[in-house]
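Working notes for the structure below.
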Amino acid sequence: MNVLKMEHISKSFGDNHVLKDISLTVDKGEVVSVIGPSGSGKSTLLRCATFLETLDGGTLSYLGENAAWMEDGKIKYAKNLKPFYKDFGLVFQSFNLFPHRTVLKNIIDAPVSVQKRDKKEVTAEAMELLRKMGLEDKADFYPYQLSGGQQQRVSIVRALAMKPEILFFDEPTSALDPELTGEVLKVIKQLAEEKMTMVIITHEMGFARAVSDRVIFMDGGVIVEQGDPEEVFGNTQSERMKSFLQNYNKD
């Protein structure tokens with residue numbers, strides 16, 4: 001079953017055509033990594049999928065329900081997008097935690113106030129998620145008291161607490177040093193093993209190869225290549241992908 005379906009997606013900023021006719025689907029339990037050079041449109045694609053940017057064209061649906069579609073040559077969004085917000089969680093590269101709220105409050109506020117769930121039940125679930133992440137002793141800490149890796153793990157817990165169908169990660173380790181990067185990648189790998197549906201924009205090539213069911217390589221606003229990680233990394237037919245990997249391996 002498709003959790004996410006994007007068909008013929010286009011997005012421009014002025015004369016800059018950032019996304020050009022992109023189509024992709026993500027099935028339940030699938031882990032999809034999106035790789036490519038800076039400026040290839042990866043983050044814009046994710047922002048369009050999560051309503052942070054408005055599409056110029058195409059169709060966007062979650063679990064078979066259309067959130068955006070073309071009508072009379074124009075993009076049209078569902079009158080009420082609220083039900084779609086419960087379908088996905090988003091983890092940013094910069095954590096985006098509320099600085100004046102404790103770790104626990106950062107996690108439970110949205111499920112309680114937005115989803116109107118029972119505070120006691122949500123708190124118990126949040127504590128269990130923190131325990132899984134090795135952070136149960138940090139529930140009463142404030143974000144500034146945590147390392148970057150701990151903050152990113154809290155932001156993953158916050159997204160999971162909403163019980164989304166799919167989790168989006170936008171370069172989840174780009175603000176972290178190598179040691180802390182390992183902490184966060186371990187958590188994402190664990191989620192993959194638990195069959196959490198995920199789309200991960202990443203510059204960690206080894207990680208993408210190890211954890212993904214499918215890898216998408218973007219460049220210049222289009223999908224140049226996609227497929228099984230071993231095929232894409234080990235047997236690519238695309239010259240653009242070959243030169244990207246060569247440059248990457250030099251770093």
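- In terms of modelled atom types and a separation under 3.5 Å, the side chain of S94 and the main chain of N96 share no donor-acceptor contact.
- Between atom CZ of residue F92 and atom OG of residue S155 there is a gap of 9.5 Å, rounded to the nearest 0.5 Å.
- The main-chain N or O of L60 is never found under 3.5 Å from a side-chain atom of E7 such that the two would form a donor-acceptor pair.
- For the residue pair S43/E171, the side-chain donor-acceptor check at 3.5 Å is not satisfied.
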Verdict with reasoning, K76 to M70, per side-chain contact (heavy atoms from CB on, under 4.5 Å): CA-CA 6 Å; K76 189 172 166 113; M70 294 301 286; over 6 Å; no
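- Using a 4.0 Å cut-off between charged side-chain N and carboxylate O, E194 and K132 make a salt bridge.
- Looking at every heavy atom in both residues, P143 comes nearest to L97 through CG-CB, 4.0 Å.
- At distances below 3.5 Å, not a single donor-acceptor pair connects side-chain atoms of K5 with backbone N or O atoms of Y62.
- The pair R131-E128 meets the salt-bridge criterion, since a charged nitrogen lies less than 4.0 angstrom from a carboxylate oxygen.
- Atoms CD1 and CD1, on I223 and I22 in that order, are 4.5 Å from each other to the nearest 0.5 Å.
- Side chain of D118 to backbone of E121: a donor-acceptor contact under 3.5 angstrom is found.
- A salt bridge links D109 to R101: one of the charged nitrogens lies within less than 4.0 Å of a carboxylate oxygen.
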Test log, rule ring-ring contact (aromatic ring centres under 6.0 Å, His included), inputs F51 and F88: CA-CA 11 Å; F51 313 131; F88 61 80; 5.7 Å; yes
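- A salt bridge links R117 with E125: at least one charged nitrogen is closer than 4.0 Å to a carboxylate oxygen.
- Transitive grouping of hydrophobic side chains (ILVMFWY, heavy atoms separated by less than 4.5 Å) keeps I201 and I156 in distinct clusters.
- Listed for the S40 side chain is a donor-acceptor partner under 3.5 Å among the backbone atoms of P37.
- The closest side-chain donor-acceptor pair between R47 and T50, if any, does not fall under 3.5 angstrom.
- Under the 3.5 Å distance criterion, the side-chain polar atoms of K116 are matched with a main-chain donor or acceptor of S113.
- Here the closest heavy-atom approach between residue V222 and residue K20 is recorded as CG1-O, 3.6 Å.
- Note: I9 CD1 to L19 CG = 8.0 Å, rounded to the nearest 0.5 Å.
- T197 and E30 share no donor-acceptor pair across their side chains, judged by distance under 3.5 Å alone.
- Contact check on R209 versus E230 returns a salt bridge, with a Lys/Arg side-chain nitrogen under 4.0 Å from an Asp/Glu carboxylate oxygen.
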Intermediate values then yes/no, salt bridge (charged side-chain N to carboxylate O under 4.0 Å, His left out), E239 and K242: CA-CA 5 Å; E239 290 305 318; K242 281 177 188 167; 3.5 Å; yes
